[in-house]
Undergrad: 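First, the structure itself, so that you have it in front of you.
Letters A, B, ... mirror the listed sequences (proteins, then strands); counts begin at 1.
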Amino acid sequence: MSQLVELWQTTGIYQITLQQFLMILIGSLLLYLAIKKGFEPLLLVPIGFGGILSNIPGVDIAVGQGILHQFYVMGLETGVFPLLIFMGVGAMTDFGPLLANPKTLLLGAAAQFGIFTTLLGALFLTDIGWFDFSVQQAAAIGIIGGADGPTAIYVAGILAPEILGAIAVAAYSYMALVPLIQPPIMRALTTPAERALVMTQLREVSQAEKIFFPLVLLILVALVVPSAAPLLGMFCFGNLMKECGVVDRLSDTAQHALINIVTILLGLSVGSKLVADQFLVASTLGILVLGMVAFSIGTATGVLMAKLMNVFSSQKINPLIGAAGVSAVPMAARVANKVGLESNPNNFLLMHAMGPNVAGVIGSAIAAGVLIQFAS
Amino acid sequence: MSQLVELWQTTGIYQITLQQFLMILIGSLLLYLAIKKGFEPLLLVPIGFGGILSNIPGVDIAVGQGILHQFYVMGLETGVFPLLIFMGVGAMTDFGPLLANPKTLLLGAAAQFGIFTTLLGALFLTDIGWFDFSVQQAAAIGIIGGADGPTAIYVAGILAPEILGAIAVAAYSYMALVPLIQPPIMRALTTPAERALVMTQLREVSQAEKIFFPLVLLILVALVVPSAAPLLGMFCFGNLMKECGVVDRLSDTAQHALINIVTILLGLSVGSKLVADQFLVASTLGILVLGMVAFSIGTATGVLMAKLMNVFSSQKINPLIGAAGVSAVPMAARVANKVGLESNPNNFLLMHAMGPNVAGVIGSAIAAGVLIQFAS
Amino acid sequence: MSQLVELWQTTGIYQITLQQFLMILIGSLLLYLAIKKGFEPLLLVPIGFGGILSNIPGVDIAVGQGILHQFYVMGLETGVFPLLIFMGVGAMTDFGPLLANPKTLLLGAAAQFGIFTTLLGALFLTDIGWFDFSVQQAAAIGIIGGADGPTAIYVAGILAPEILGAIAVAAYSYMALVPLIQPPIMRALTTPAERALVMTQLREVSQAEKIFFPLVLLILVALVVPSAAPLLGMFCFGNLMKECGVVDRLSDTAQHALINIVTILLGLSVGSKLVADQFLVASTLGILVLGMVAFSIGTATGVLMAKLMNVFSSQKINPLIGAAGVSAVPMAARVANKVGLESNPNNFLLMHAMGPNVAGVIGSAIAAGVLIQFAS
Amino acid sequence: MENLLSQGIELAVFGMGTVFVFLALLILATKFMSALVLKYQPDQQSPKTARAVTQTSNNTLLAIISAAIIQHRQQNK
Amino acid sequence: MENLLSQGIELAVFGMGTVFVFLALLILATKFMSALVLKYQPDQQSPKTARAVTQTSNNTLLAIISAAIIQHRQQNK
Amino acid sequence: MENLLSQGIELAVFGMGTVFVFLALLILATKFMSALVLKYQPDQQSPKTARAVTQTSNNTLLAIISAAIIQHRQQNK
Ligand code: NA
Ligand code: NA
Ligand code: NA
């Protein structure tokens with residue numbers, strides 16, 4: 001009889017806490033959003049499933065010798081996983097539209113205002129006593145506004161691993177919500193005439209320019225913001241492998257087998273940070289709200305910068321593509337295209353928006369470098 | 001001259017022991033069985049070759065800083081390799097036939113009798129003084145009867161790493177021998193009329209059911225047998241990736257590049273446990289014999305359970321598919337199909353046998369969870 | 001204001017040293033050679049890029065917790081990366097031409113003279129005080145003459161990791177320079193008539209011979225030079241996977257996803273040894289010169305051995321294929337073919353040269369084993 | 001040693017019991033899930049089929065292109 | 001706490017400043033690089049195009065082979 | 001330093017000797033193995049060829065299917 005009691009005490013029904021139950025629901029919600037609603041499924045399926053696994057009572061999965069904790073120690077504590085993802089993303093990125101119209105890089109800069117105003121917002125909320133964020137945490141929260149998953153995870157892993165789970169969930173959820181978040185802001189800040197503006201077609205970009213660009217970018221990073229070099233270095237390496245044309249088999253692997261393997265392991269590792277006692281804290285709510293603010297401000301400043309540039313330049317740009325400066329590649333560029341088509345059915349902005357879109361990746365990586373340098 | 005002697009003393013001819021020579025022969029035998037006889041070659045080629053490498057005299061390959069020992073420490077001591085394999089197997093598993101006829105899950109339960117009777121057998125042999133197995137070792141030996149390679153390796157790695165080599169060799173050898181071991185038992189326990197029984201065709205299973213099943217399974221594991229959650233969690237994760245339809249690139253990688261890489265490394269790691277002083281012990285013989293007993297009992301109880309179910313149910317099932325409950329996917333299901341065809345050339349049991357076949361994977365993983373919980 | 005100064009001091013422009021600047025130029029040179037000139041791009045693109053990353057001032061990339069240093073610790077200090085590459089190379093190697101004409105193995109032996117004379121050369125330069133190489137370093141330098149990248153990196157990683165960067169750069173650069181280095185030597189040592197010699201067509205080799213060969217090779221290594229067993233063991237394992245025909249999915253992965261992933265990581269790891277303070281030392285110059293000498297001597301002794309064999313044998317061999325004995329697969333074999341065609345447009349030596357070519361891989365791995373055994 | 005055997009018997013009984021209870025529960029849960037799914041999505045078309053259709057069209061497209069090229073070649077002969 | 005906010009403002013100002021300065025420099029560097037490339041390789045044909053051509057030929061080849069097999073089959077009917 | 005050189009010479013002699021002895025033994029072992037194989041499996045057909053045949057049939061099949069689709073299209077025009 002006593003053995004039956006012992007057996008009963010090993011079950012999850014006996015051991016589960018309300019918090020764990022809630023987290024399993026949240027993990028299931030992430031799976032629902034990913035599978036049914038198509039929210040960034042490549043990351044949210046592993047994160048959501050990992051979150052469920054991490055909250056199973058009575059077994060070490062996300063702590064100690066548990067497999068998800070091992071993945072976390074191996075790849076997130078070391079920064080290896082986000083950097084390898086960034087290499088793969090580099091190998092999938094086409095800088096052609098950016099090279100054809102380099103001034104759109106400024107849009108990628110402007111959209112990073114979201115990062116820094118959110119950082120200030122987090123510190124303000126701490127100042128008025130609503131939350132208790134450190135500068136490191138505030139910086140990690142701000143980077144959600146960079147709208148770039150691996151960058152956010154990399155920065156959070158270095159500056160504030162204790163809130164990594166919430167940050168990753170916020171970053172990927174909002175990236176998926178870009179088609180809902182951005183259009184109202186874009187419409188509010190532009191006139192129909194501005195949205196209908198047709199841009200001149202982009203010039204052809206030569207292979208040589210595409211090969212030199214990642215090297216130019218790398219050298220500039222090395223000279224100006226070395227702390228961004230791990231992120232942008234791996235990104236440029238991936239891009240060079242793609243463009244140089246002599247290591248196609250490596251580039252293919254970086255874009256497929258390697259990035260897929262790392263994505264699975266990274267997603268599960270992030271899921272391991274959804275253990276109830278780390279995730280179900282008041283600050284998570286603050287992170288989710290602040291992340292949304294960061295996205296919205298970035299969208300707005302991107303659009304406004306485009307309008308400002310039109311004041312000074314004769315070659316007009318459609319301000320909608322400024323919103324793509326937050327990154328969220330390629331979702332934000334598609335949104336710019338869609339909103340543009342609403343005002344003018346012959347206005348194809350997709351390729352024009354790809355420039356600020358990849359510029360936003362560079363911009364937020366630079367911002368990440370500054371934050372790591374000064375906040376750590 | 002003294003240098004020539006020194007040189008001679010570095011050769012393998014000078015250093016090799018009889019035990020090492022024997023183990024090299026055993027490794028070669030495994031390669032022969034794998035290559036010429038088609039015995040589970042995906043595992044037995046790496047295991048056999050790793051076994052030869054591990055017994056090369058005068059060089060550290062399976063110990064110290066040797067490469068195979070590094071693989072072992074990295075992937076088997078941590079449990080990472082078998083769990084990743086299980087994820088890949090999950091991504092290759094189709095639960096359709098099981099969902100169409102869920103009561104065949106009971107066959108997957110019944111076939112696990114082999115595990116526990118073998119555990120008792122090992123302890124009985126210890127009791128009468130023939131061998132000296134601990135409870136942990138007995139449990140690890142029993143799990144051979146689960147007829148599931150990664151489960152056996154995972155359990156042995158946790159409970160009894162010192163006999164991991166023998167257990168893995170036994171598990172994969174007997175899985176390959178299923179077409180020889182099972183048919184006589186199946187024929188002995190059934191009448192020709194029973195074997196000729198044609199089952200009604202399985203209903204179509206919807207995509208939604210296939211998506212929900214791994215989640216239902218996971219939640220039930222979490223609530224009832226949390227200690228089985230690492231194994232079945234990774235399995236369900238792989239299966240969800242396959243079925244959800246939104247992360248096909250991850251599912252493809254889990255089924256190909258990732259599982260292949262891990263299979264190579266796992267096989268070599270297991271091979272590192274074939275070093276002479278660990279493998280050439282009396283207990284290995286006991287393990288081989290007991291493993292065979294475990295398989296046979298599991299086959300028998302699977303068949304008998306099917307007959308028992310037919311007593312109580314109106315919708316009859318062909319008892320041959322009970323034998324597929326040991327798992328050994330998909331070999332055991334094919335055997336059931338083949339034996340069925342002998343009695344009735346129009347009796348296609350393959351799809352019907354796939355249900356108990358994958359049920360057997362779940363059953364032995366649950367058994368593994370119980371053993372890890374109570375024997376470690 | 002003081003903050004602006006602080007900001008300025010974080011820039012690379014402020015922190016960069018002349019040495020780092022030089023190393024970034026050298027890294028760029030390697031990229032130029034790889035991309036524009038086609039010098040072994042699969043390795044020199046990652047090595048060159050890694051070299052640039054490693055010399056970015058003010059950020060830890062190649063030291064401490066930096067990503068490239070982590071790759072180095074993970075894969076080069078342990079020997080895992082070169083051994084996995086060797087496995088993949090084994091899975092890509094066809095021993096058919098060698099099996100059809102086994103006596104060409106002697107050419108693969110003769111070409112290793114370059115290794116040992118260079119070792120002596122390095123010690124002689126130390127003796128006369130020009131350099132200060134230890135026996136370990138001299139051995140690692142000599143192995144450049146083996147013309148086999150992973151072997152050179154494996155040996156250097158064990159015997160002299162401090163000069164690994166220079167050795168890898170030399171090895172891959174000279175392998176790429178084979179079409180320039182070898183032909184003058186080959187022409188100098190042969191008469192036009194010798195070069196025009198047409199060899200008899202190779203016999204068909206059966207599948208069974210191809211399956212047994214890696215096992216015969218492995219057993220012989222185990223018996224005679226066990227210290228070469230990690231290298232040749234992994235090589236034979238890869239080859240067996242390819243030839244046995246029952247593990248094609250593992251063989252495919254070893255030849256593609258796995259070797260590509262490891263090549264990326266190995267290249268970056270080697271790049272991490274191009275940090276200025278390790279690479280910009282006098283000994284690097286010595287290594288580069290000695291490596292060139294090693295290649296040249298190996299080429300010469302290969303050709304001379306072929307001529308010597310013709311003295312004693314009735315079945316003549318074209319001495320040009322002796323040069324392929326240095327390995328540098330398949331470049332050296334192609335060079336032999338090309339030089340042969342110059343003297344006789346109907347003289348197709350490619351397949352004949354593949355025999356000594358792969359024999360050279362075996363020969364230098366054996367030499368590596370001896371050096372590791374006696375110099376470490 | 002007696003102790004070892006009795007420990008084993010206990011393990012076997014509880015183990016086999018857990019396996020049966022678990023899989024019996026899983027039968028119930030699976031049937032319940034299937035019933036729910038069939039109730040709320042009676043005629044859901046699986047995405048797999050949709051994909052297969054696309055692939056077929058692609059193959060058809062390929063065949064058409066091939067045919068066009070063949071015709072083109074034959075005209076140029 | 002005052003200190004925390006002022007630290008944040010400093011970080012925001014320097015951070016946003018660095019981002020803008022960097023991307024502005026990158027515009028200049030990119031334009032300079034493109035100008036150099038276009039000056040020294042005005043009509044360089046990209047290897048991608050070359051590869052695409054090869055692939056097309058391969059497909060054509062495939063179509064030809066297919067056609068041959070089809071013809072062969074029809075003749076043997 | 002004298003010692004260093006003599007150590008090197010010893011290493012070179014033994015090393016080169018080992019390489020030659022090993023590869024000479026490998027020649028013998030290989031010839032012996034090939035002789036054995038040819039004796040016991042004189043006319044073994046390699047699985048590679050079998051596979052190639054299968055592949056060819058697949059391609060033929062593909063061509064047939066393509067032809068059928070083309071014909072079908074032409075009839076429907
Ligand atoms: Na961004
Ligand atoms: Na089983
Ligand atoms: Na060589």
Undergrad: Between C:I115 and F:M16, is the side chain to side chain contact (heavy atoms under 4.5 Å, CB included) condition met? List the steps.
TA: CA-CA 9 Å; C:I115 293 176; F:M16 207 57 219; over 6 Å; no

Undergrad: Can you name the nearest heavy-atom pair linking C:V370 to F:G15, along with the distance?
TA: CG1-CA, 3.6 Å

Undergrad: Checking heavy atoms, do the side chain of C:A138, its backbone, both or neither come under 4.5 Å from chain F?
TA: neither

Undergrad: Does any heavy atom of chain F fall under 4.5 Å from the side chain of C:V221, the backbone, both, or neither of them?
TA: both

Undergrad: So how far is it from C:L217 CG to F:F22 CZ, rounded to the nearest 0.5 Å?
TA: 5.0 Å

Undergrad: Please flag which part of C:V135 lies under 4.5 Å from any non-hydrogen atom of chain F: side chain, backbone, both or neither.
TA: both

Undergrad: Measuring from F:M33:CE to C:I211:CD1, what's the distance to the nearest 0.5 Å?
TA: 10.5 Å

Undergrad: Using a cut-off of under 4.5 Å on heavy-atom pairs, state which of C:F374, C:F213, C:F124 scores highest against chain F.
TA: C:F213

Undergrad: Please name the pair of heavy atoms, one in C:G363 and one in F:V19, separated by the smallest distance, quoted to 0.1 Å.
TA: O-CG2, 4.0 Å

Undergrad: Need one label for C:A110: side chain, backbone, both or neither, based on atoms under 4.5 Å from any heavy atom in chain F.
TA: both

Undergrad: Which pair of non-hydrogen atoms, one from C:L99 and one from F:S34, has the smallest distance, and what is that distance?
TA: CD2-OG, 4.5 Å

Undergrad: Minimum heavy-atom separation for F:I27 to C:K103, with atom names?
TA: CD1-CA, 3.8 Å

Undergrad: Between C:F95 and chain F, with a heavy-atom cut-off of 4.5 Å, which part of the residue counts as in contact: side chain, backbone, both or neither?
TA: neither

Undergrad: Just verifying a value: how many Å separate F:T30 OG1 and C:E209 CD, rounded to the nearest 0.5 Å?
TA: 9.5 Å

Undergrad: Should C:L106 and F:F20 be marked as a side chain to side chain contact (heavy atoms under 4.5 Å, CB included) after you check the CA-CA gap, both sets of side-chain angles, and the distance that decides it?
TA: CA-CA 7 Å; C:L106 281 185; F:F20 261 108; 4.0 Å; yes

Undergrad: Who wins among C:I366, C:L119, C:L98 for the most heavy-atom pairs under 4.5 Å with chain F?
TA: C:I366

Undergrad: How many angstroms lie between atom CD of C:Q112 and atom CG of F:L23, to the nearest 0.5 angstrom?
TA: 8.0 Å

Undergrad: Check the pair C:Q373 / F:F14 against side chain to side chain contact (heavy atoms under 4.5 Å, CB included), numbers first and verdict last.
TA: CA-CA 11 Å; C:Q373 175 79 42; F:F14 284 159; over 6 Å; no

Undergrad: To the nearest 0.5 angstrom, please state how far the CG atom of F:L26 sits from the CD1 atom of C:I219.
TA: 12.5 Å

Undergrad: Determine whether F:I9 and C:F116 satisfy the following criterion, side chain to side chain contact (heavy atoms under 4.5 Å, CB included), listing intermediate values before the conclusion.
TA: CA-CA 9 Å; F:I9 291 169; C:F116 295 100; over 6 Å; no

Undergrad: When rounded to the nearest 0.5 angstrom, what distance separates CG in F:L4 from CG in C:L123?
TA: 4.5 Å

